[in-house]
Amino acid sequence: MDLQILGTAVHASSVTTRGSGTIINVSSLDGLQPTPHHATDGASKAFVNSFSASLHHESRGSGVTITNVMPGYVRTEFTRTAGIDGGLDGVPSWMVLTPEQVTHQALNGAAAGRAVVVPGRAYRASAGVLLMLPSRVGRRIFSRLAPGQ
């Protein structure tokens with residue numbers, strides 16, 4: 001995460017000086033609620049969400065767009081490389097996005113100047129619900145989704 005922050009800060013400085021540019025950060029829906037059993041991941045995503053939203057606001061009128069992308073499940077090589085057995089095997093196929101879907105929606109959202117992009121209709125609806133839930137309810141839900149991992 002330190003590298004993402006440093007890279008964003010350096011790039012933001014250079015594009016702001018130039019007067020145009022786009023920065024796309026990637027976090028996750030996990031950053032919208034506390035995530036038991038994934039506390040470090042959820043907290044780091046929450047930081048990226050807040051950091052990106054702040055930079056987006058600060059850069060208004062500068063010609064620079066900061067967009068934060070919060071995907072759900074994406075089929076990548078990560079789970080295999082990380083040695084996570086089964087990866088996304090238990091996730092319904094309609095919930096798994098392709099990297100191409102995420103990229104397409106991220107680029108379109110950034111081009112439109114959006115602060116936040118949540119790829120996929122189901123995930124956009126989920127994000128709306130997660131933002132309205134009290135954190136104690138969110139903790140219980142996430143705890144049941146990933147018990148004891």
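- Between the Ser126 side chain and the Ala122 main chain, a donor and an acceptor come within less than 3.5 Å of each other.
- Annotation for Pro71 and Val102: closest pair CB-CG2, 4.2 Å, computed over non-hydrogen atoms.
- Separating the CG atom in Leu55 from the CZ atom in Arg60 is a distance of 13.5 Å, to the nearest 0.5 Å.
- Leu29 and Ala127 make their closest contact through CD2-CB, 3.8 Å (heavy atoms, listed as atom of the first residue, atom of the second, distance).
- Residues Met132 and Leu32 are members of separate hydrophobic clusters, defined by side-chain heavy-atom contacts under 4.5 angstrom among Ile, Leu, Val, Met, Phe, Trp and Tyr.
- Between Val74 and Val96, the closest heavy-atom pair is C-CG1, 4.4 Å.
- Partners of Val116 according to the side chain to side chain contact (heavy atoms under 4.5 Å, CB included) rule, which considers only residues two or more places apart in sequence or in another chain, are Met70, Val118.
- Sequence neighbours left out, the pairs with a member in residues 64-75 that pass side chain to side chain donor-acceptor pair (under 3.5 Å) are Ser27-Asn68, Asn49-Asn68.
- Nearest heavy atoms, Ile66 versus Ser52: CG2-O, 3.7 Å.
- Atom OG1 of Thr40 sits about 12.0 Å away from atom CG of Asp30, to the nearest 0.5 Å.
- Judged by distance alone, with hydrogens and angles left aside, the side-chain atoms of Ser59 form a donor-acceptor pair with the main-chain N or O of His56 at under 3.5 Å.
- Contacts of Gln101 classified as side chain to side chain donor-acceptor pair (under 3.5 Å), with partners at least two apart in sequence or in another chain: Thr98.
- In this structure, the separation between OG on Ser44 and CZ on Phe51 is 13.5 Å, given to the nearest 0.5 Å.
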Would you tabulate the side-chain donor-acceptor contacts of residues 105-113 under 3.5 Å, counting partners in other chains and residues two or more places apart, or write 'none'?
residue, atom, partner, partner atom, Å
Gln105, OE1, Gly120, N, 3.1
Gln105, OE1, Arg124, NH1, 3.3
Asn108, ND2, His104, NE2, 3.0

